[in-house]
Amino acid sequence: MEDLPAGVVTIVASDAEAAPARKRLRIEDGPTASAPLVIRLRTGVTLRGRVVDQHGDPVPKGYIYVAGYEEPLAPGQAPPAEDPGWMQHQNTHTDDEGRFELHRVPTGAKPDLSFNADGYDHASLKVEDVWAEVELVVNRHDPEIHRKRKELERRMMAVFQKASQAKDDAEREALQAEMQAIQEEMGRLHTESGEAEALPAEAEPVPAESD
């Protein structure tokens with residue numbers, strides 16, 4: 001490789017059956033001669049896992065993401081001789097059984113997984129053993145409580161906007177009272193959500209008796 005720019009250069013090597021590996025070099029201004037560069041490719045593992053909710057039910061069509069982070073080098077700081085465990089950005093979706101696969105994960109890596117899906121809390125998991133199948137448990141929202149929470153958030157935003165344009169103290173006090181009422185309702189909803197999530201998955205409301 002000739003005519004590399006001055007600064008920190010990242011060299012990445014990859015292969016169809018191995019995890020990618022990299023080294024970082026600091027290129028100085030002016031003519032330089034570097035020692036032969038050696039990059040050792042590592043075994044690539046297929047990381048398998050499953051995402052379930054708090055009741056053990058599979059979470060389909062969720063988004064799994066794992067990132068490879070690059071730490072900046074300060075001026076004068078030497079790049080590391082090796083960069084073990086680095087992996088490229090990957091993402092995938094869970095299938096109908098909540099299962100997913102990430103390919104070419106280096107054996108030395110301990111990746112951080114992130115998960116998102118509509119109707120569920122965001123969740124993350126640090127994988128300690130890429131050889132073992134992982135299970136990620138996420139919290140499923142009650143649909144009605146989720147709808148109420150979104151409505152309260154919209155009301156809160158509307159009150160914020162009105163407060164920024166309030167004309168006098170009386171209007172500001174009225175908006176403050178409305179904001180407090182919304183916050184109290186959010187608190188009650190949070191409690192209701194906790195009680196609902198504590199119920200077994202098969203629990204159903206008891207229908208009212210009719211004459």
query = When you look at W131 and V45, which way does the side chain to side chain contact (heavy atoms under 4.5 Å, CB included) test go after all the steps?
reply = CA-CA 7 Å; W131 294 97; V45 177; 3.9 Å; yes
query = If we only count heavy atoms from C-beta on, is the D121 to V138 side-chain gap below 4.5 Å?
reply = no
ask   = Does D168 have any salt bridge (Lys or Arg N to Asp or Glu O under 4.0 Å) partners at least two apart in sequence or in another chain, and if so, which?
value = none
ask   = How far does CZ of F115 sit from NE2 of H93, to the nearest 0.5 angstrom?
value = 9.0 Å
query = Roughly how far, to the nearest 0.5 Å, is the NZ atom of K150 from the CD atom of E153?
reply = 4.5 Å
inquiry  = With a 4.5 Å cut-off on side-chain heavy atoms, are V130 and L102 touching?
reply    = no
key: Pairwise side-chain contact, I64 with T94, heavy-atom cut-off 4.5 Å (strictly under)   = yes
inquiry  = Check this for me, if you would: do K61 and D118 make a salt bridge, where the nitrogen-to-carboxylate-oxygen distance has to be below 4.0 angstrom?
reply    = no
Pairwise distance CZ(R22) to CG(L41) - rounded to 0.5 angstrom = 14.0 Å
task = Start with the C-alpha gap between D112 and V66, add the side-chain angles, then the distance that decides, and say whether side chain to side chain contact (heavy atoms under 4.5 Å, CB included) holds.
result = CA-CA 6 Å; D112 291 311; V66 59; 5.8 Å; no
inquiry  = Could you report the tightest heavy-atom contact between V12 and P20, atom names first, then the distance?
reply    = CG1-CB, 4.4 Å
Exercise: identify the closest heavy-atom pair between Q90 and V105 = NE2-CG2, 4.2 Å
task = Determine the minimum heavy-atom distance between V38 and K23, stating which atoms define it.
result = O-NZ, 2.7 Å
Sequence neighbours excluded - salt bridge (Lys or Arg N to Asp or Glu O under 4.0 Å) pairs with any residue from residues 128-139 = R99-E133, K110-E128
ask   = Just wondering, more than 12 heavy atoms not from K167 lying within 6.0 Å of its NZ?
value = no
key: 4.5 Å side-chain heavy-atom contact, K126 and P111   = no
Minimum-distance pair of heavy atoms, taken over all atoms of A132 and L47 = O-CD1, 4.1 Å
task = Would you mind reporting whether L113 and V127 have side-chain heavy atoms less than 4.5 Å apart?
result = yes
query = Can you hop from Y65 to V137 via hydrophobic side chains spaced under 4.5 Å?
reply = no
inquiry  = Is the shortest side-chain heavy-atom distance between P58 and R50 below 4.5 Å?
reply    = yes
inquiry  = Can you give me the closest heavy-atom contact between R42 and R40, atom names plus distance?
reply    = NH1-O, 3.4 Å
query = If you round to the nearest 0.5 Å, how far is CD of Q176 from CG of D169?
reply = 12.0 Å
query = Taking side chain as C-beta onward, heavy atoms only, is I182 less than 4.5 Å from V159?
reply = yes
message = Taking the basic N atoms (NZ, or NE/NH1/NH2) and the acidic carboxylate oxygens, is any pair closer than 4.0 Å for E151 and K148?
response = no
request  = For a side chain to side chain contact (heavy atoms under 4.5 Å, CB included) with L175, tell me which candidate from R172, M179, E171, E173 qualifies.
outcome  = E171
message = Heavy-atom count check: over 12 atoms from other residues, nucleotides or ligands less than 6.0 Å from Y63 OH?
response = yes
key: Worked verdict on D57 versus R140 for side chain to side chain contact (heavy atoms under 4.5 Å, CB included)   = CA-CA 10 Å; D57 297 324; R140 181 179 62 187; 3.9 Å; yes
key: Spacing of CE belonging to M157 relative to NZ belonging to K162, to within rounding of 0.5 Å   = 13.5 Å
Transitive ILVMFWY side-chain link V9 to I39, under 4.5 Å = yes
key: N139 vs Y120 side-chain heavy atoms within contact, under 4.5 Å   = no
inquiry  = Could you measure the distance from the OG atom of S114 to the CG atom of L125? Nearest 0.5 Å is fine.
reply    = 9.5 Å
